[in-house]
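Just passing along the structure, written as C-alpha cells.
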Amino acid sequence: MSGVLVILEDRGGRISRLSWEAAAAARILGAQRGVTAAVVGAQTEALAAEACGQGFARVVRVEHALLAPYTADGFALALEQLIRAESPDYVVFPHSYQVRDYAPALACRFGQVLISDVVAIGEGPVFTRQLMQGRFNASYRHTASGPCFVSVQAGAFRAEPADLPAAAPESFAPALDAAQIRTRPGEPFRSSAQTVDLAAAQRIVSIGRGIREAANIPLVEELARALDAELAASRPICDSGWLPIERQVGSSGHTVSPRLYVAVGISGAIQHLVGMKGSQCIVAINKDPDAPIFEVADYGIAGDLFEVVPALIAAVKAGKA
Amino acid sequence: MKIIVAIKQVPERDAPVRIDPAGTWIEESSLQFALNESDAYALEEALQLKEKHGGEVAVVSAGPERVGSTIREALAKGADRAVHILCDDLHSRDALGVARLLAAAIKPEQPDLVLSGLQSEDLGLGQTGVIVAELLGLPHATLILNVEKTETGVKVKRELEEGWFQSVELPLPAALSIQSGGNKLRYATLMGIKRAKTKEVRILTAAELGADSAPVVRMERIALPTKQKSTQMLDGSPKEAAAALLEKLKFEARVL
Ligand SMILES: Cc1cc2nc3c(=O)[nH]c(=O)nc-3n(C[C@H](O)[C@H](O)[C@H](O)COP(=O)(O)OP(=O)(O)OC[C@H]3O[C@@H](n4cnc5c(N)ncnc54)[C@H](O)[C@@H]3O)c2cc1C
C-alpha cells in the first residue's frame with residue numbers, strides 16, 4: 001500500500017471515541033491516498049460493521065482467538081504482521097492506555113519511534129506535542145524512511161464522519177502462537193466503594209498540589225461548603241492519600257461536567273483536563289499566570305490560593321448574609 | 001531478586017522554565033533538578049521488593065554530570081549501586097536512542113526485573129520503559145501500581161482508564177513501567193545520605209556502550225502554546241478579585 005493506517009480501539013464492544021479522533025488525524029495525513037482502518041480482536045465483526053459506514057477506503061479485521069483479552073505481546077505481533085503486509089506511510093493510534101502499552105514496542109520492531117500524544121498536525125507534516133506537562137508545545141518531524149507511527153491526544157482532533165462510500169471489510173489472519181504471549185491478564189475490577197457521585201455534581205471545587213499539605217485541605221473544604229459544591233482533587237492529592245481516590249478527576253479518575261468547576265492550585269495537565277473540560281463554567285485559581293489550567297478556564301485569578309480562597313469564602317458568606 | 005531501576009532527572013516541579021533563545025530546548029542554567037515523580041515510585045517499589053525478598057537494587061540514569069545528584073539521592077534512599085550513562089545530548093536523542101543506551105547498560109547485568117517510571121515530567125514521551133523491554137526481549141506491563149512476587153514470576157496491579165484496574169501475571173525476567181501513587185515514598189535518612197557517599201557509581205559513556213544511532217524522530221522547535229480560549233482574568237487584591245469573580249458567576253455565567 002503506502003497510505004495511512006489507523007488502528008481503531010474496542011471499548012466495551014464499540015469503537016472508542018478517541019479512535020474516531022485518531023481517524024480524523026489520519027485523514028489529515030492521508031487526504032489523497034485514503035485511510036485504511038484496522039480493528040483488532042478475537043471477534044471483530046461488530047467493530048468492523050461500525051467502521052464500515054465511516055468513509056474509510058478499506059476496513060481490515062485483524063482477528064485471532066489469542067487477541068482477546070488484550071495483551072501487549074498479542075497486539076504487537078498481530079499489528080507487526082499487518083504493517084509488514086501493508087507497508088503504510090503512517091500508522092495512527094488513539095493515545096489510550098492500551099496504545100501506550102504496546103505501540104512503542106511495535107514501532108521499535110521497525111526501528112521507528114512513536115510520535116506520541118500529538119495535538120496538531122501541520123504542513124510537512126510537522127507534529128505538535130506538549131512538553132513540560134502542557135506548558136510548552138514542541139514540533140516534531142519524522143526524519144527516517146519507513147512507516148511513521150503517531151498517536152493522538154484526546155480532544156485534539158474533531159471526530160467527523162467522512163463522506164465516502166462504505167467498503168466491505170477485509171480479513172487479516174495473523175499467525176500467533178499461545179507461547180508467544182508471555183503475560184496473563186486478569187479481569188478488570190474497580191477497587192473502592194463509591195460514596196460520592198461526582199459525575200452528578202452540579203458544582204465542584206477541586207484541589208491540586210498547590211495546597212501543599214493535607215492540613216490545608218479544610219480551607220478549600222470550607223469554600224466547597226460555602227458554594228454548596230462537592231470536593232474533588234487532582235491525582236497527586238489522592239495518591240498522597242489526602243482525599244480518597246473516588247474524588248479524583250481525570251483520565252484515571254472521574255470525568256465530570258458540572259455547571260461550575262473551581263480548580264484550586266491545579267496546573268492543568270492533560271490527564272486532569274480530559275476529566276473536567278466539559279464543565280460549563282471553569283474557574284482557575286493559580287499563582288502561576290502561565291499555568292495551562294488557564295487555557296481552559298472561563299475566569300481566572302492569578303494569585304496565592306492561601307489569600308484568594310479565604311477572600312472568596314468571605315465574599316460568598318457576605319453574599320448569603 | 002536483582003532489580004534495575006531506570007531513573008531520570010527532570011526540572012523541579014514549579015520551576016520557572018523558559019525556552020532557550022534558539023527555541024530548541026529550555027534554559028537549563030537557572031533551573032533546579034529533581035528525580036522524576038513516577039521514577040521515584042519505581043525506586044520505592046524496588047526497595048520494598050528487596051526488603052521483602054532480598055537481592056539487590058541498582059539504578060541506572062542517562063544524562064549530563066548534574067544527574068549525579070539525583071543518583072546520590074537514589075543511593076541515599078537505599079539503592080545499592082548505580083550506573084551513570086554520561087551524555088550531554090539527552091533531549092536531542094529520540095526515545096529509541098535513549099532506550100538503546102539504557103538497554104546496553106542493563107543487558108550485561110542480567111536483572112530479574114527492570115523498573116522505570118511511566119513517563120517523564122519534561123518530555124513526557126512515556127515510552128522509554130516499553131522500548132527497553134523490547135530491546136532486551138523481556139515481557140512488560142505498564143501503568144503498574146503494585147508488584148507481588150509469585151512462585152513463577154510476578155503479579156502486578158495495572159491501572160486502566162477511569163478508575164479501573166486489572167492484575168497481570170508475568171514470568172521473570174520482566175520489565176515494568178510504574179505509575180505514580182502505588183506506594184508511600186520514603187525520604188532519605190541522614191544515615192542513608194552518609195552511606196550513599198561510599199556506594200559505587202559506575203560511569204559509562206554512550207561511546208563505550210556502542211549504542212549510538214541516528215534519530216528517526218527530531219524535535220525541531222519549542223514554543224508557548226497559542227491561547228485558544230479567552231479567559232477573563234480578574235485582577236486586583238484578593239478581596240477585589242474574589243468579589244469580581246462572584247459577580248461574574250452570578251450575573252454573567254449564572255452558575256450560582
Ligand atoms: C497515565 C497518567 C494518568 C493520570 N491521570 C490523572 C488523573 O486522572 N487526574 C489528574 O489530576 N492527574 C492525572 N495524572 C497526573 C497529571 O499528569 C499531573 O501530574 C497532575 O494532574 C498534576 O496535579 P496538580 O495540578 O495538582 O499538581 P502540579 O502539576 O504540581 O500543579 C500544582 C499547581 O499549583 C500551583 N500552586 C502552587 N502553590 C500555589 C499557591 N500557593 N496558590 C495557587 N496556586 C499554587 C502551581 O502554580 C501549579 O500550577 C496522570 C498522569 C499519567 C501519566
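Numbers restart at 1 for each chain; the letters A, B, ... are given by sequence-line order, proteins then strands. If you're wondering where the values come from, they're calculated on a predicted model, not measured in any experiment.
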Let me confirm one number: the CD1-CG distance from B/I26 to A/L131, rounded to the nearest 0.5 Å.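 Going from the CD1 atom of B/I26 to the CG atom of A/L131 covers 8.5 Å.
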Is the closest side-chain heavy-atom distance between A/S252 and B/E162 below 4.5 Å?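 No. Closest side-chain heavy atoms not under 4.5 Å.
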Contacting region of A/S267 [heavy-atom separation from chain B under 4.5 Å]: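 Neither; nothing under 4.5 Å.
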So does A/R182 pair up with B/E169, basic N to acidic O under 4.0 Å?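 Between B/E169 and A/R182 there is no salt bridge, as every charged N stays at least 4.0 Å from the carboxylate O atoms.
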Between A/R11 and B/E161, does at least one N-O distance fall below 4.0 Å, as a salt bridge requires?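 Judged by the 4.0 Å cut-off on N to carboxylate O distance, A/R11 and B/E161 do form a salt bridge.
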Mind checking the CD-OG1 spacing from B/E220 to A/T128? Nearest 0.5 Å is all I need.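 Result: 10.5 Å between the selected atoms.
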Rounded at 0.5 Å granularity, tell me how far CG in B/L123 sits from CG in A/D117.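 Rounded to the nearest 0.5 Å, the CG-CG separation comes to 12.5 Å.
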Could you tell me which of B/I19, B/L185, B/D235, B/L170 has the largest number of non-hydrogen atom pairs under 4.5 Å with chain A?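 So the answer, after comparing B/I19, B/L185, B/D235, B/L170, is B/I19.
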For residues A/D239 and B/G181, report the shortest heavy-atom separation together with the two atoms involved.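 That closest heavy-atom pairing would be CG-CA, 3.3 Å.
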Quick one: does B/I222's side chain get under 4.5 Å of A/N137's, heavy atoms only?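 No - every pair of side-chain heavy atoms lies 4.5 Å or more apart.
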CG/B/L234 to CD1/A/I285 distance, rounded to the nearest 0.5 angstrom?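 It comes to 10.0 Å.
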Please report the shortest heavy-atom distance between A/G134 and B/P225, naming the atom on each side.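 What the structure gives for the nearest pair is O-CG, 4.0 Å.
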Would B/V17 and A/F136 count as a side-chain contact (heavy atoms from CB on, under 4.5 Å) here? Give the steps. CA-CA 10 Å; B/V17 189; A/F136 302 134; 3.7 Å; yes
Beyond-backbone contact of A/Y97 with B/E159, side-chain heavy atoms, under 4.5 angstrom: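 Yes, their side chains come closer than 4.5 Å.
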Would you check if B/L160 and A/Q98 make a side-chain contact, meaning some heavy-atom pair closer than 4.5 Å?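 B/L160 does not reach A/Q98 side chain to side chain.
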Answer yes or no: is there a donor N or O on one side and an acceptor on the other, between the side chain of A/T143 and the main chain of B/R218, under 3.5 Å?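 It does not hold such a pair.
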Hey, are the side chains of B/L246 and A/L312 touching, using non-hydrogen atoms and a 4.5 Å cut-off?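 In contact.
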Check residues 247-256 of chain B and write down every donor-acceptor pair under 3.5 Å in which the side-chain atom is one partner and the other belongs to a residue at least two apart or another chain.
unit_1	atom_1	unit_2	atom_2	d
B/K248	NZ	B/Q232	OE1	3.0
B/K248	NZ	B/E252	OE2	3.4
B/E252	OE1	A/Y299	OH	2.5
B/E252	OE1	B/Q232	NE2	2.8

May I ask you to decide if B/L125's main-chain N or O and A/S116's side chain share a donor-acceptor pair within less than 3.5 Å?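 Checked: pair present.
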I need the minimum non-hydrogen distance between B/A15 and A/R135, along with the two atoms involved.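 Taking every non-hydrogen atom into account, O-NH1, 3.1 Å.
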Give every donor-acceptor pair under 3.5 Å between a side-chain atom in residues 131-142 of chain B and any protein atom, sequence neighbours left out.
unit_1	atom_1	unit_2	atom_2	d
B/E134	OE1	A/R109	NH2	3.3
B/E134	OE2	A/R109	NE	2.9
B/H140	NE2	A/D101	O	2.6
B/T142	OG1	A/D101	OD1	2.5

Run the side-chain contact (heavy atoms from CB on, under 4.5 Å) check on A/Q133 and B/Q119 step by step: do they pass? CA-CA 11 Å; A/Q133 309 242 51; B/Q119 176 167 332; 5.7 Å; no
Between OG1 on residue B/T231 and CD1 on residue A/I282, distance to nearest 0.5 Å: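 Here the rounded value is 9.5 Å.
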Please look at A/Q180 and chain B and tell me whether the side chain, the backbone, both or neither of the residue comes under 4.5 angstrom of a heavy atom of that chain.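 For A/Q180, no heavy atom lies under 4.5 Å from chain B.
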If we ignore hydrogens and angles and just use 3.5 Å, is the side chain of A/R129 paired with the main-chain N or O of B/G124 as donor and acceptor?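 Confirmed, A/R129 side chain pairs with B/G124 backbone.
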I'd like to know if the side chain of B/Q166 and the backbone of A/G186 have a donor-acceptor N/O pair within less than 3.5 Å.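 Present.
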Return the CD to CH2 distance between A/E187 and B/W164, rounded to the nearest 0.5 Å.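 It is 10.0 Å, given to the nearest 0.5 Å.
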Polar side-chain atom of A/R235 near backbone of B/S180 as donor-acceptor pair, under 3.5 Å: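 Yes.
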